[in-house]
Structure formats: C-alpha cells, structure tokens
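As the structure is a computational prediction, the values presented were derived from the model and not from experiment. Read the numbers this way: they start at 1 and go in the same order the structure lists the ligands and their atoms. Hydrogens, waters and symmetry mates are skipped; everything else that's a heavy atom, side chains included, is used.
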Amino acid sequence: MAKIRTRFAPSPTGYMHVGNLRTALYAYLIAKHEGGDFILRIEDTDQERFVEGALDIIYNTLKATGLKHDEGPDIGGSVGPYVQSERTSIYLEYAKSLVEKGEAYYCFCTKERIDALRTESEAQKKTPKYDKHCLHLSKEAIEENLASGIPYVIRQNNPETGTTTFDDEIYGSISVDNSELDDMILIKSDGFPTYNFANVVDDHLMGITHVVRGSEYLSSSPKYNRLYEAFGWDVPTYVHCPPIMKDAQHKLSKRNGDASFEDLIAKGYLKDAVLNFIALCGWNPGSDKEIFSLEELIEVFNYKTINKSPAIFDDVKLRWMNSEYVKKLSLDEFNELALPYYKQVIIKDLDFMKISELMHTRTEIFSDIPSVIDFFEELPDYSADLYLHKKMKTTYENSLNSLEKIAPKFEAITDWNFQNIEKACMDLVQELSVKNGIVLWPVRTAVSGKQSSPGGAYEIGEILGKEETLRRVQIGIEKLKSALN
Ligand code: GLU
C-alpha cells in the first residue's frame, strides 16, 4: 500500500476554530497511525479574508499541540510551494487543460447578469445555478473577449443528465443528480483559484491519499469528483468529520468566544487537555478510557469509527478532563502556571507556593483561581451569618467566645507557622471541652470571610501571617458582637 499522506489545509482566518484543530488532529492521527506523512498547506486564495498574523496562529497552535507536520511552507518539502497564493500559475494551467478537454469553459458574464439569474431562481424558489450561457460562445468570440481584456472566470462544465456518486468513509456512498451540479467557478476574475478547484489540484499534486475535512464540504464533493474524473486522476479517500456543536441547535461560534483554541487557552485550559478532549468530539475508542496522550491516540485512533452525528462540545466534560491534567502537573509546574492568575488579585507578597499546595488538587481551570483566592489580598465584606454552621453547631455566641479566646493564644505565638496555629486551636478545644468545629469553623470564617475556602484555619492563617490573622479575628469579633446586639 502506498504511504499514507494527509494534509491540514487551514485558511488564514486569524483564529484556530476547535473544529479545524480537530480536523488537523484527525488528519495527523490517520497519517501517523500508519507511519505516513502529515502536510501543512495554507489556503489563502480568498485574499479578502487575509488576516495579519494569521499564519503565526496556525504555526503556533500546531507547535503547541505537538501536531508536527512533515512538509509545509516553513520547512519545505518535495511538492511545494505549500501556500496556495504561490501556486496561481499552476491552477491556471490545469484549468486551461480542462478547457481544452471541454470540461471547463471561459465565462464573461457580468456581475449584473449573474445577479439577475440569482434573483430569477430565487423568485422561482430554485437553487441558483449558472445557465451555461458562455458555454456556447464561439471560439472566435472567446478569443476576441480574451484579447480585449474582458474580465473572465473559468467554470467547470458539468453534465446535465445522469448521476454522480462518491464514497465517504464516514457518511457512506452519496449520489446526486448531475442536474443539481452548478457549473462552479474554478478560476476567479482576479486570477486566483476557488477553494473548490485548488483543493482538488493540490491534493492530487501533493499526493494526498486521505482527505480529512469538515462535513460542510460534503455537498460539494460530487463536483470535486467530477474534476478528478475530468483530469483522469485517482479519487482520494474522503473522511468528512461531523460538526462540533454547542448544543443540539447551535454551532460553536467565534462570536461567543467559545470556539477557538486560543479562547480556551485564555480561559485557563491546558493544551494537552484540549487536544485530548477534541479527539473525543466525534470519535471514541470503543472503551471507557478517556485520558489519552497524543502517542496513545496515534496508537488507537481508527478513522473508520468517527461518528456521523454532530459532536456536542460538553463544557462540563472539558472542565473535568482539564482537572485531570492539572492534577498530573508537578507542584512546581502548577505554581508557575497559576502565578499569573494569583497576581490578578493578589498584590501582597505572600508565599504563593503555599497557595499552590492548596489549589493544586482543587483547580479545574486556571481562570477559576482568582475568585477563589482573592480573600488572601483583602477580607471580603461578609455577613455574620457565615458563622452559623448547622452541622458544626456553631452559634453567634460560641463563635464569639472561640474568637475572643483564640486571639490571645495567637498573640502569644512567637514562631508563626501551621503547627503552632494548630496547637493554639487544639489547646482551646481542650480548654473549652468542645468539638473541634466550635473553634475551627469560626477561625476559618474569620480569616477567609467566605463560606468555603481552599484550606482551613491553619493553612490560611499561616499564609496570611500573624498580624493579618489577628486583624481578621478582631473584625470577626466586632461582627459577631454587633450581630448579637
Ligand atoms: N481551507 C479550508 C478551511 O479552512 C480547508 C478545507 C479542507 O481541508 O479541504 O476550511
């Protein structure tokens, strides 16, 4: 069997939609599973859509996710150039060869005429279709038009009878009546090819064996098949992937800020978790295993089991998966990644490593961190009701008592650390002959000002330092006193 060659062919749109990244991943996995080549091709023939910096986003995303290409604009290869705008003469040459075979033709219709055709079709509730007007121009008329520089496009010449069938690995065999095939434009009036034409020419010339792309291209594929046939080329294996949806009705969209790889990274997701997650958007390994490294995916991925039905982008699952990857980080790695999020809300010079010890196992995504730890910087304005804990049996009275009695014990600590804070609290529990909670709940509440906090009284007290802890205990005392009045 010939070596498998797949390609990722993004357009430089300025962001990496997760659907596109999944296409890249699947194309990569299909190639690597068989020891094949993964090629990067830039599809920039739509010059109006070109966005500055877009190429960097493509390169950086592939690099960050480990989807290393074997050939591409930046590293070269034997079938370059790998940027479509550098290949315009190739497309024109191939389009002209189709004109010679009668499989394509020059079209000089004005925009006004095309618009009028469209309006007419719409009025008749028909899908707009070019009426082959220019197919019937005489050779002389064509020559004359070309010589006088009249703008033109080159269109595919599709038959009007019969059917075209093509096979997709995921969606099966699809047939369309040729009467439905529009004579699509191959070369635009600006001399650039359309995607519809360039993808066929490039996939052939670049030796692509498996074409992996989104299912939005499914309906155009019969027209691509006709091009392969017109050229007399082998049709590649098609692998169309299902869309990724936000929910049953809505696609993921850039506008909601939930659709791109960069958005997810900015929200504090780890790249490995995102990659693992999207691998499972539309495919499953047929087992319960969900956490996969890229190497493991290469091993087990089988494109024949990609799902037809749309994949739902399940935020809850992504959060869970991310938390699994967070747990796998070393404490140092976690601390380094968490630091920017700490600094969003903490200006004080605290022992951040100690905060990381508390946060490491309870962080799902990094962007959750600031609102969880902001109390270290400033005590929130909380209600005295926080002291009332049913299970712990705390009341305003016993909470006030605990805080008033702990204050001098804290004051007396010379070496302020976890053990000594613990000892002070346990001594008080013994003296009062109460359950631990009667002391610990009020102290934890006083130092955090929150219903829940990472760490308890000792950890938080240690991080805050003696002076700040005492200040917060004092505030608690005042709050409880006024609640009792
Ligand atoms: N340039 C197309 C896109 O970004 C790629 C489609 C394909 O993979 O053929 O959607």
Side-chain angles (χ1 to χ4, degrees), residues 4-31 36-51 53-62 65 67 69 71-73 79 81-88 91 166 168-171 174 184-186 188 192-228 233 235-244 251-254 259-262 278 282 303 306:
I4 288 201
R5 285 170 66 82
T6 63
R7 85 308 193 266
F8 176 44
S11 302
T13 54
Y15 64 100
M16 182 67 75
H17 191 281
V18 293
N20 280 350
L21 184 58
R22 188 200 50 183
T23 299
L25 173 63
Y26 286 2
Y28 175 85
L29 295 175
I30 291 172
D37 295 329
F38 173 61
I39 287 125
L40 174 64
R41 178 172 80 221
I42 303 298
E43 302 208 322
D44 60 346
T45 57
D46 195 347
Q47 294 283 301
E48 279 164 28
R49 277 172 60 200
F50 191 81
V51 181
L55 288 183
D56 288 337
I57 292 179
I58 294 168
Y59 291 133
N60 293 342
T61 310
L62 291 181
T65 50
L67 305 182
H69 49 287
E71 298 166 29
V79 294
Y82 294 88
V83 178
Q84 287 186 331
S85 60
E86 293 168 20
R87 299 170 64 82
T88 43
Y91 308 119
F166 84 104
D168 181 76
E169 288 291 324
I170 312 307
Y171 291 86
I174 297 183
M184 65 178 181
I185 295 175
L186 308 180
K188 298 181 277 186
F192 278 90
T194 54
Y195 162 78
N196 292 328
F197 187 53
N199 90 87
V200 169
V201 173
D202 286 347
D203 285 341
H204 173 74
L205 295 180
M206 294 181 178
I208 302 304
T209 59
H210 292 61
V211 169
V212 185
R213 64 180 163 223
S215 60
E216 65 272 26
Y217 292 101
L218 206 53
S219 60
S220 304
S221 293
K223 289 187 268 194
Y224 307 151
N225 252 35
R226 295 219 55 85
L227 286 173
Y228 282 103
W233 295 340
V235 178
T237 301
Y238 287 119
V239 182
H240 284 96
C241 307
I244 303 181
K251 282 195 159 194
L252 284 182
S253 84
K254 183 172 180 274
S260 76
F261 178 71
E262 307 88 79
I278 62 168
Y303 69 83
I306 292 174

Could you tell me whether R7 and ligand 1 have an N or O pair separated by under 3.5 Å?
yes
So, applying side-chain contact (heavy atoms from CB on, under 4.5 Å) with R7, which one of L40, I39, D202, V212 is it?
I39
So, for Y195 and Y217, is the gap between ring centers shorter than 6.0 Å?
yes
Y217 versus ligand 1: do any nitrogen or oxygen atoms come within less than 3.5 Å of each other?
yes
Geometry only, no angles: is P10 polar-contacting ligand 1 at N/O separations under 3.5 Å?
no
Which atoms of ligand 1 are found less than 4.0 Å from any heavy atom of E43?
1 (N), 2 (C), 5 (C)
Can you list the ligand 1 atoms lying under 4.0 Å from a non-hydrogen atom of S11?
1 (N), 2 (C), 3 (C), 4 (O)
Of M206, R5, R41, the one forming a side-chain contact (heavy atoms from CB on, under 4.5 Å) with E71 is R5
I want to know if ligand 1 touches N20 in the polar sense, i.e. an N/O pair below 3.5 angstrom.
no
Closer than 4.0 Å to some heavy atom of R213 - which atoms of ligand 1 meet that?
7 (C), 8 (O), 9 (O)
State which residues pass salt bridge (Lys or Arg N to Asp or Glu O under 4.0 Å) with E169; sequence neighbours excluded, sorted by chain then number.
K304
Considering residues at least two apart in sequence or located in another chain, which fulfil the salt bridge (Lys or Arg N to Asp or Glu O under 4.0 Å) criterion with D168?
none
With a 4.5 Å limit on heavy-atom distance, are the side chains of F8 and L67 in contact?
no
